[in-house]
Engineer: 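Quick one: structure below, then a few questions.
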Amino acid sequence: MPIIPTTLTNRALSLIILLSVVWCSCSKPENKDLTFLDNVKLESSILKVETLQDSLEVPWDIAITNNNFLFFTEQYGAISYINLETHQQQKLLVIPEVWHQRTAGLLAMAVHPDFKQNPYVYVHYTTKTDTLIFNKLVRYTFKGDTLESPKELLKVKGFKAHNGGRITFSKSGKILWATGDAYHGDESQDLNFLNGKILRLNPDGSIPADNPDPKSYVWARGFRNMQGITVTNKGNVFTSEHGDAIEDEVNLIEKNRNYGWPAIEGLHNLPEEIVFAKANNTKEPVKSWTPVIAPAGIAYYGSASIPEWNNSLLLTTLKGQSLRVLKLNEEGKAIVSEEIFFENYYGRLRDVCVDANGVIYISTSNKDWKPQVDFPLPGDDKILKISISDKVLKNPLTGLKAQATLQHLNAAQLYQSYCVSCHQADGKGVKDVFPALAGSAMVNGPSTGLIKAVLNGINRKENPQKMPNFAFLKDQELADILNYIRQNWGNQASKINETEIAQNR
């Protein structure tokens, strides 16, 4: 079996993984044995990474039932399951009314905790009729090899992005639905709207009598674009959330609390944020990241199977292209350490779940609307299985300790940290969404207009996808970024100095 060093480039890695898959498939029997890719070395455990399923179309959500089935959604509208004993896959349904564009589509899914007795699958998907876009929460009944009897429980505003989209069950058996702000950030604070909220429902879609307002689904408010939700063994609820230009978050969710958006982003450390926090019972995130990492699915790991990870949150990231292991304290309410695995190795990671035996499943997201350089890899998108290994490959992969810092970054690193997720590594942007910097009239034009744009942000009326302001960066850092984009991809504009930045603040 070929060994994959951690220092290889993504392009070389793609070739080796392709050869590995070809080598394994030559002797692969018909009983659906898994493709063994890598070992991971922890302090005392050796983990193996296998491909459970490949060649999928953006598997957005994955969930384990209590009868050993793994259900998963694909963004274009399909729901399937994999029998974890036989590894056989069965497509159950393609929902015809799913509207798939950018990050809209078939998104979240949850299965009833007692699936044997209550074979219900709950899904969140986007629809569009004329100009009206909605996100629906629908319950299906699993019967035979299909899903039937759809029952719409609730719907909220939708958009091409910022639909949020995660569902889970609380310890008390209530549905928790994390909704995005759908680019209506002001509505995240308004209790008359259901966007930018944690919504709490009974399994039949009714409002629980012990909600903060017994006539409202709202459990907590003030969110931007949540991408993950999980419940720990102690009943604590954590979410992962995309920030704007800074401060991606993990939040501990409490009843009737306000999490600040859009008045507060991340930690409550600006004067106006502190004033808002005191007046609105807001709660700070338990963890935030700047530069941003685009956190996605999150799952609680409470198994002794991998002792090093017991009592941790497992967090997949998109921009960060990694699995983060966030160790919790004994109370289970604070994050005390962070380790990073698979950074830039399997590409964008969308979701994660854990079965009753402590086996971990992760879905990649390399064929979504924002593919990265050197991705997709052969066989993408995949569902990967991580479990204890009974054999060891040479040179196993190891974890990378988190070392996030804003200091001493060069111009290319600054661009990578703050700009590349929208404008891409080649400066070409994303068609009809994020403008290209290569050949841009604004980039190559007078410096004043460009400086003011990055200091103040841009809010285009024709598209709610705004560019945030970057006034939090130092004058020299902004000058470095602007000179980088004015001197690359064929751009040949004059350089900007930090004095010009300071004069335009």
Side-chain angles (χ1 to χ4, degrees), residues 1-8 13-56 59 62 64 68-70 72 82-89 297 299-310 312 314-317 321-325 339-347 349-364 366 377-400:
M1 177 69 185
I3 309 302
I4 304 176
T6 58
T7 55
L8 289 176
L13 175 61
S14 300
L15 178 58
I16 289 179
I17 288 181
L18 176 60
L19 293 175
S20 301
V21 172
V22 170
W23 183 90
C24 290
S25 64
C26 290
S27 56
K28 188 174 179 181
E30 294 301 313
N31 65 352
K32 298 284 186 178
D33 284 349
L34 307 186
T35 303
F36 184 17
L37 290 180
D38 299 299
N39 273 139
V40 179
K41 179 69 171 68
L42 303 181
E43 184 175 343
S44 60
S45 304
I46 298 291
L47 308 182
K48 61 182 175 181
V49 183
E50 303 165 281
T51 297
L52 180 65
Q53 191 67 44
D54 61 15
S55 304
L56 301 174
I62 51 179
I64 304 285
N68 215 28
F69 284 80
L70 183 146
F72 64 92
I82 299 171
N83 184 320
L84 293 178
E85 294 179 358
T86 66
H87 305 151
Q88 290 295 127
Q89 177 187 340
Y300 176 70
Y301 193 84
S303 173
S305 177
I306 306 174
E308 295 92 334
W309 292 0
N310 192 19
S312 295
L314 306 180
L315 177 69
T316 53
T317 69
Q321 298 187 150
S322 60
L323 173 69
R324 310 279 171 128
V325 179
E339 278 194 300
I340 305 174
F341 295 85
F342 310 131
E343 190 166 33
N344 303 320
Y345 198 75
Y346 294 116
L349 302 182
R350 176 68 63 177
D351 199 22
V352 55
C353 68
V354 182
D355 72 15
N357 299 314
V359 177
I360 300 163
Y361 302 87
I362 292 175
S363 65
T364 71
N366 292 319
L377 298 173
D380 273 335
D381 275 323
K382 305 180 181 77
I383 296 176
L384 304 174
K385 176 183 177 182
I386 303 174
S387 58
I388 292 292
S389 179
D390 56 2
K391 59 181 178 179
V392 181
L393 300 176
K394 294 180 180 179
N395 302 322
L397 306 177
T398 56
L400 302 174

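These values consider heavy atoms only, across backbone and side chains, with no hydrogens, waters or symmetry-generated copies. Just so you know, residue 1 is the first one in the sequence shown, and it goes up from there.
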Engineer: So N357 and S305, side-chain contact (heavy atoms from CB on, under 4.5 Å) or not? Walk me through it.
Structural biologist: CA-CA 7 Å; N357 299 314; S305 177; over 6 Å; no

Engineer: Supply the atom-to-atom distance D38 CG to F341 CZ, rounded to the nearest 0.5 angstrom.
Structural biologist: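 It is 13.5 Å, given to the nearest 0.5 Å.
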
Engineer: Quick one: side chain to side chain contact (heavy atoms under 4.5 Å, CB included) partners of S387, sequence neighbours excluded?
Structural biologist: K48, E50, V359, K385

Engineer: Drop me the distance from Y301's OH to I360's CD1, to the nearest 0.5 angstrom.
Structural biologist: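 Answer for the OH-CD1 pair, Y301 versus I360, is 5.0 Å.
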
Engineer: Roughly how far apart are L314 CG and T316 OG1, rounded to 0.5 Å?
Structural biologist: 9.0 Å

Engineer: Is any side-chain heavy atom of I388 less than 4.5 Å from a side-chain heavy atom of L47?
Structural biologist: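 Answer yes - side chains close enough.
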
Engineer: Residues two or more places apart in sequence or in another chain: which of them pass side chain to side chain contact (heavy atoms under 4.5 Å, CB included) with E85?
Structural biologist: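 Here the qualifying residues are N68, N83.
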
Engineer: Checking D355 now: which residues fulfil salt bridge (Lys or Arg N to Asp or Glu O under 4.0 Å) with it, not counting sequence neighbours?
Structural biologist: none

Engineer: Measure the CG-CD distance between L323 and E339 for me, rounded to the nearest 0.5 Å.
Structural biologist: 10.0 Å

Engineer: To check you understand the geometry: which heavy-atom pair defines the closest contact between Y346 and T364, and what is its length?
Structural biologist: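 Scanning both residues, the minimum pair turns out to be O-CG2, 4.1 Å.
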
Engineer: Which pair of heavy atoms, one from D54 and one from T51, lies closest together, and at what distance?
Structural biologist: CB-CG2, 4.0 Å

Engineer: With sequence neighbours left out, what residues match D381 under salt bridge (Lys or Arg N to Asp or Glu O under 4.0 Å)?
Structural biologist: none

Engineer: Please lay out, stage by stage, how F342 and I386 fare under the test side-chain contact (heavy atoms from CB on, under 4.5 Å).
Structural biologist: CA-CA 12 Å; F342 310 131; I386 303 174; 3.8 Å; yes

Engineer: Evaluate I383 against I62 for side-chain contact (heavy atoms from CB on, under 4.5 Å), listing each step before the verdict.
Structural biologist: CA-CA 9 Å; I383 296 176; I62 51 179; 4.0 Å; yes

Engineer: Check side chain to side chain contact (heavy atoms under 4.5 Å, CB included) between S322 and all other residues, then give those that pass, not counting sequence neighbours.
Structural biologist: T317, R324, I340, E343

Engineer: Within the structure provided, determine whether K382 and L56 are in side-chain contact (heavy-atom separation under 4.5 Å).
Structural biologist: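 A side-chain contact is absent here, since even the closest heavy-atom pair is not under 4.5 Å.
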
Engineer: State, to 0.1 Å, how close Y345 and L377 come at their nearest heavy-atom pair, and which atoms those are.
Structural biologist: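 Of all heavy-atom pairs spanning Y345 and L377, the closest is O-CD1, 3.9 Å.
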
Engineer: Once rounded to the nearest 0.5 Å, what's the spacing between atom CZ of R350 and atom CD1 of I362?
Structural biologist: 14.0 Å

Engineer: Can you name the closest pair of heavy atoms from S363 and P59 and give their distance?
Structural biologist: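 For S363 versus P59, the nearest heavy atoms are OG-O, 3.0 Å.
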
Engineer: Quick one: CG on L42 to CD1 on I306, what's the gap to the nearest 0.5 Å?
Structural biologist: 7.0 Å

Engineer: Could you list the residues that satisfy ring-ring contact (aromatic ring centres under 6.0 Å, His included) with F72, not counting sequence neighbours?
Structural biologist: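 Residues passing ring-ring contact (aromatic ring centres under 6.0 Å, His included) with F72: none at all.
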
Engineer: Partners of F69 by ring-ring contact (aromatic ring centres under 6.0 Å, His included), sequence neighbours excluded?
Structural biologist: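 Partners of F69 by the ring-ring contact (aromatic ring centres under 6.0 Å, His included) criterion, ordered by chain and then number, come out as Y81.
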
Engineer: Restricting to non-hydrogen atoms, name the atom on C353 and the atom on I64 that form the minimum distance, rounded to 0.1 Å.
Structural biologist: SG-CG1, 3.7 Å

Engineer: Of the non-hydrogen atoms in Y300 and V354, which two are nearest, and what is the gap between them?
Structural biologist: O-CG2, 3.9 Å

Engineer: Among residues at least two apart in sequence or on other chains, which ones pass side chain to side chain donor-acceptor pair (under 3.5 Å) with S55?
Structural biologist: none

